[in-house]
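Everything numeric here is computed off the predicted structure, so don't read it as measured data.
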Amino acid sequence: SYNDKVLATFTLRDDASSKFGPNYRHGLFPSGALAYKFTDDNFIKDLNLFSNLKARVSYGITGNDRIPNYQYMSTFGNYSTVLSPGGPLQIGIEPSVLSNNNLRWESTAEFDARLDMGFAQGKINATVDYYRKVTSNLLINIPIGQWWGFSSELVNAGSVENKGIELGINSYNISSKNFSWNTTLNVAYNKQECLKLAPSVNIISTNTANPSGVVSGREFTRLVPGKELGELFGYVYEGVIKTGEKYDAEPNAKPGDPKYKDLNGDGLITPADATYLGNTNPHYMLGFGNDFHYKGFDLNIFFNGAFWYYL
């Protein structure tokens, strides 16, 4: 620090993980932060508004190795089959993991800008925080051709961006010998976006079982560049088929079957009618709490909310 006004810090981590091959076992992850205290500057004092004012910016990279062990090498497991009708059960071994010697650390680079403010001699404190982080070299399973003997392979591919803003307010409303009351308010907004997938992969989807007798099992979620993770993908539900009702788009539907919207107007429910239905990740988070202390008794009242998402 310099004169207790300018503060700076820098770190460099060298992490190693046995979950990656010898060539990519180590990862270097730097980080740094710079802060400046405005509280004692004359132009801030002249405002007669802040009891504390500090700005901070930081940037850093962290690594992730949270994958099962030995994914970079070929491993084998037991396998049993019958070679001919009525024949005995044959026991053998087969590859259980498709090796990938190029597996390496997944990394997240984050920029953060924060403003700390204090008012009324510290009785009210507020923090505004903006962040943007990009996770690259994602450790994900991507679909591959069945001729490899596997349906997917664990690779480093793609990137995801998260950015948002957070607001925190804390106030000391009453403080006396026998009674005190504090209030906290937190509001957060986060926007997520898939920036890219693997070079040969345009879509990563999750299939679900057959949801009804008239619509075969289709995608449950679909991830493409430009969309968020957790995007629900499917048919727009419009209720159920009622007794005596004839719905031309579902000619074989029975009373009680789900009724889906014919989005393209071709008179039939087909995969072309599937669409994005919403995101399962909340975009807004809210927390509001009050702490009461009276002699030897404590009371906490807390409200928590999540908004702008779908279940």
For [X], does the [atom1] atom have more than 12 heavy-atom neighbours from other residues, nucleotides or ligands under 6.0 Å away?
X: Tyr294; atom1: OH; value: no
X: Tyr276; atom1: OH; value: yes
X: Phe297; atom1: CZ; value: no

Spatial distance of atom [atom1] ([X]) from atom [atom2] ([Y]) [nearest 0.5 Å]:
X: Leu34; Y: Tyr59; atom1: CG; atom2: OH; value: 16.0 Å
X: Lys242; Y: Asp257; atom1: NZ; atom2: CG; value: 13.0 Å
X: Asn279; Y: Tyr309; atom1: CG; atom2: OH; value: 11.5 Å
X: Met117; Y: Ile124; atom1: CE; atom2: CD1; value: 11.5 Å
X: Tyr235; Y: Lys261; atom1: OH; atom2: NZ; value: 15.0 Å
X: Arg13; Y: Leu28; atom1: CZ; atom2: CG; value: 11.0 Å

N/O donor-acceptor pair under 3.5 Å between [X] side chain and [Y] backbone:
X: Tyr79; Y: Ser96; value: no
X: Asn202; Y: Val224; value: no
X: Glu250; Y: Ile269; value: no
X: Ser176; Y: Phe179; value: yes
X: Asp273; Y: Leu263; value: yes
X: Glu106; Y: Leu139; value: yes
X: Lys123; Y: Tyr172; value: no

(message) Within the 3.5 Å criterion, strictly below it, is a donor on Asn101 or Asn23 matched to an acceptor on the partner's side chain?
(response) no
Over 60° means perpendicular and under 30° means parallel, so tell me whether [X] and [Y] are parallel, tilted or perpendicular.
X: Trp308; Y: Tyr284; result: parallel
X: Phe292; Y: Trp181; result: parallel
X: Phe38; Y: Phe43; result: perpendicular

(request) Decide yes or no for Leu103 and Leu154: does some side-chain heavy atom of the first lie under 4.5 Å from some side-chain heavy atom of the second? (result)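 They are in contact (side-chain heavy atoms under 4.5 Å apart), so the answer is yes.
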(message) If the threshold is 4.0 Å, N to carboxylate O, is there a salt bridge linking Lys37 and Asp4?
(response)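 Here Lys37 pairs with Asp4 in a salt bridge, since their nearest N and O are under 4.0 Å apart.
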(request) Run the salt-bridge test on Asp112 and Arg56 with the 4.0 Å N-O cut-off and return the result as yes or no. (result)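 Yes, charged N to carboxylate O under 4.0 Å.
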(request) Using the salt bridge (charged side-chain N to carboxylate O under 4.0 Å, His left out) rule, pick out the option among Lys227, Arg132, Lys196, Lys191 that qualifies with Glu161. (result) Arg132
(message) Looking at every heavy atom in both Ile140 and Ala157, which two are closest together, and how far apart are they?
(response) CD1-O, 3.7 Å
(message) For Phe119 and Phe50, I'd like to know if the aromatic rings sit close, meaning centre-to-centre distance below 6.0 Å.
(response) yes
